[in-house]
Amino acid sequence: MVARRGRLSGASADSFGGYRARLVEALRAKGIRNLAVLKAFAETPRHLFVPAAVRHRAYEDAALPIGNGQTVSQPFTQARYLELLRLRGKEKVLEIGTGSGYQTALLGTLAGQVFTVERVRSLAEAARQALLEAGVRNVSVLVGDGTLGWSAYAPYDAILVAAGGPDVPPPLLQQLADGGQLLIPLGARGSQTLTLVRRVGAEFRQLPVAEARFVPLIGEHGFDA
Ligand code: SAM
């Protein structure tokens with residue numbers, strides 16, 4: 001499943017701009033400083049990525065249910081994630097765990113190309129639709145086991161895993177470019193340490209960043225379903 005897209009166009013004409021501005025202020029108040037990241041939140045229509053039942057809460061700084069027992073993460077958590085990657089606009093990024101597609105859209109405004117993998121087909125299809133509706137055109141969506149990565153487009157300048165696994169899946173290390181970085185919550189189900197992995201040649205340097213609580217990464221190099 002592939003949704004090609006460019007920079008966002010769907011947010012400018014809606015009536016949620018004031019809510020987005022308040023969300024951006026909340027993120028700034030909590031310490032988010034990266035202007036490109038704040039701009040991405042100001043421009044990305046989160047209401048298009050959440051189910052109708054919770055659309056009235058779309059611009060709260062809160063995780064929201066998206067079906068299949070999954071959630072779209074809290075915007076503050078996503079903003080910290082995105083700040084840590086320090087994207088400059090031209091990178092090729094792999095995201096594991098598309099979920100609603102909201103973070104994929106944020107990545108789309110911050111990077112050159114985004115490849116995203118989601119194991120739950122219905123979520124991947126809804127995300128693809130939302131990305132199209134939001135006018136996001138530089139994203140490709142794959143249904144599959146993200147612990148295997150997406151080798152066809154490797155190597156990636158950055159890899160972002162939005163679910164918590166026991167270890168870094170070896171295929172993701174293999175698909176990370178030299179000089180690239182990978183963010184993944186590592187640990188047990190329900191309690192992990194957000195970990196930044198930097199590749200320098202054949203060496204992988206791990207840096208623990210913060211405590212985290214993500215849904216489990218399910219797959220060949222993750223947890224059992
Ligand atoms: N960042 C997403 C958003 O903006 O909506 C939320 C991601 S949600 C916290 C984690 C997602 O990872 C879920 O949709 C789950 O189905 C997915 N997931 C778990 N294991 C996976 C795997 N092995 N491959 C791909 N997706 C996986």
Side-chain angles (χ1 to χ4, degrees), residues 1 3 8 23 27 37 40-41 44-51 54-55 57-82 84-85 93-111 114-131 134 136 139-151 156 158-172 175 182-187 189-192 194 212-225:
M1 183 195 311
L8 280 167
L23 173 60
L27 296 177
V37 170
F41 278 89
T44 304
R46 195 177 191 231
H47 63 280
L48 296 182
F49 293 89
V50 298
V54 292
R55 195 153 292 155
R57 300 185 55 203
Y59 294 99
E60 289 178 16
D61 186 22
L64 294 172
I66 55 172
N68 289 87
Q70 303 299 329
T71 53
V72 52
S73 306
Q74 181 188 5
F76 175 63
T77 304
Q78 295 182 319
R80 286 204 63 207
Y81 236 83
L82 294 169
L84 285 164
L85 288 179
V93 178
L94 175 65
E95 178 191 47
I96 307 303
T98 316
S100 68
Y102 177 60
Q103 184 164 263
T104 320
L106 293 165
L107 282 168
T109 71
L110 292 164
V114 183
F115 297 87
T116 183
V117 185
E118 171 57 54
R119 64 182 287 275
V120 179
R121 178 172 295 277
S122 59
L123 290 179
E125 284 170 357
R128 180 172 176 264
Q129 270 311 112
L131 288 161
V136 181
V139 167
S140 304
V141 183
L142 176 72
V143 179
D145 177 3
T147 70
L148 302 174
W150 192 345
S151 60
Y156 300 97
I159 300 179
L160 188 156
V161 185
D167 294 297
V168 187
L172 299 187
Q175 293 172 29
L182 181 158
L183 259 180
I184 181 169
L186 289 179
R189 285 175 185 257
S191 166
Q192 307 98 22
L194 181 61
R213 264 180 64 189
F214 276 78
V215 296
L217 181 69
I218 308 285
E220 191 173 321
H221 300 281
F223 292 108
D224 293 334

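These figures come from a predicted structure and were not determined experimentally. All ligand and atom numbering here is 1-based and tracks the order in the structure. In this chain, numbering begins with 1 at the start of the sequence shown.
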Show the atom names and distances, to 0.1 Å, of all donor-acceptor pairs under 3.5 Å that link a side chain in residues 58-74 to residues at least two apart or in another chain.
| from | atom 1 | to | atom 2 | distance (Å) |
| --- | --- | --- | --- | --- |
| Tyr59 | OH | Arg20 | NH1 | 3.0 |
| Tyr59 | OH | Arg46 | N | 2.9 |
| Tyr59 | OH | His47 | N | 3.3 |
| Tyr59 | OH | His47 | ND1 | 2.7 |
| Glu60 | OE1 | Arg57 | NE | 2.9 |
| Glu60 | OE1 | Arg57 | NH2 | 2.9 |
| Glu60 | OE2 | Arg57 | NE | 3.3 |
| Asp61 | OD1 | Phe76 | N | 2.9 |
| Asp61 | OD2 | Lys30 | NZ | 2.4 |
| Asp61 | OD2 | Gln74 | NE2 | 3.2 |
| Asn68 | OD1 | Ser122 | OG | 3.2 |
| Gln74 | NE2 | Asp61 | O | 3.4 |

Give every pair formed by an N or O atom of ligand 1 and a protein N or O atom closer than 3.5 Å, one pair per line with both atom names and the distance to 0.1 Å, or write none.
| from | atom 1 | to | atom 2 | distance (Å) |
| --- | --- | --- | --- | --- |
| ligand 1 | 4 (O) | Gln78 | NE2 | 3.0 |
| ligand 1 | 4 (O) | Gln103 | N | 3.1 |
| ligand 1 | 5 (O) | Ser100 | N | 2.9 |
| ligand 1 | 5 (O) | Ser100 | OG | 2.6 |
| ligand 1 | 14 (O) | Glu118 | OE1 | 2.7 |
| ligand 1 | 14 (O) | Glu118 | OE2 | 3.4 |
| ligand 1 | 16 (O) | Glu118 | OE2 | 2.6 |
| ligand 1 | 20 (N) | Ile218 | N | 3.0 |
| ligand 1 | 23 (N) | Asp145 | OD1 | 3.1 |
| ligand 1 | 23 (N) | Ile218 | O | 2.5 |
| ligand 1 | 24 (N) | Gly146 | N | 2.7 |
| ligand 1 | 26 (N) | Arg119 | N | 3.3 |

Please list all pairs meeting salt bridge (Lys or Arg N to Asp or Glu O under 4.0 Å) that have one or both residues in residues 212-225, counting only residues at least two apart or in different chains.
none
Expected output: side-chain Arg119 to main-chain Gly97 donor-acceptor under 3.5 Å
no
I'd like to know if the side chain of Gln175 and the backbone of Leu148 have a donor-acceptor N/O pair within less than 3.5 Å.
yes
Any sub-3.5 Å donor-acceptor pair from Tyr156's side-chain atoms to Trp150's backbone N or O?
yes
With sequence neighbours excluded, what pairs up with Tyr81 under the ring pair (Phe, Tyr, Trp, His ring centres under 6.0 Å) test?
Phe214
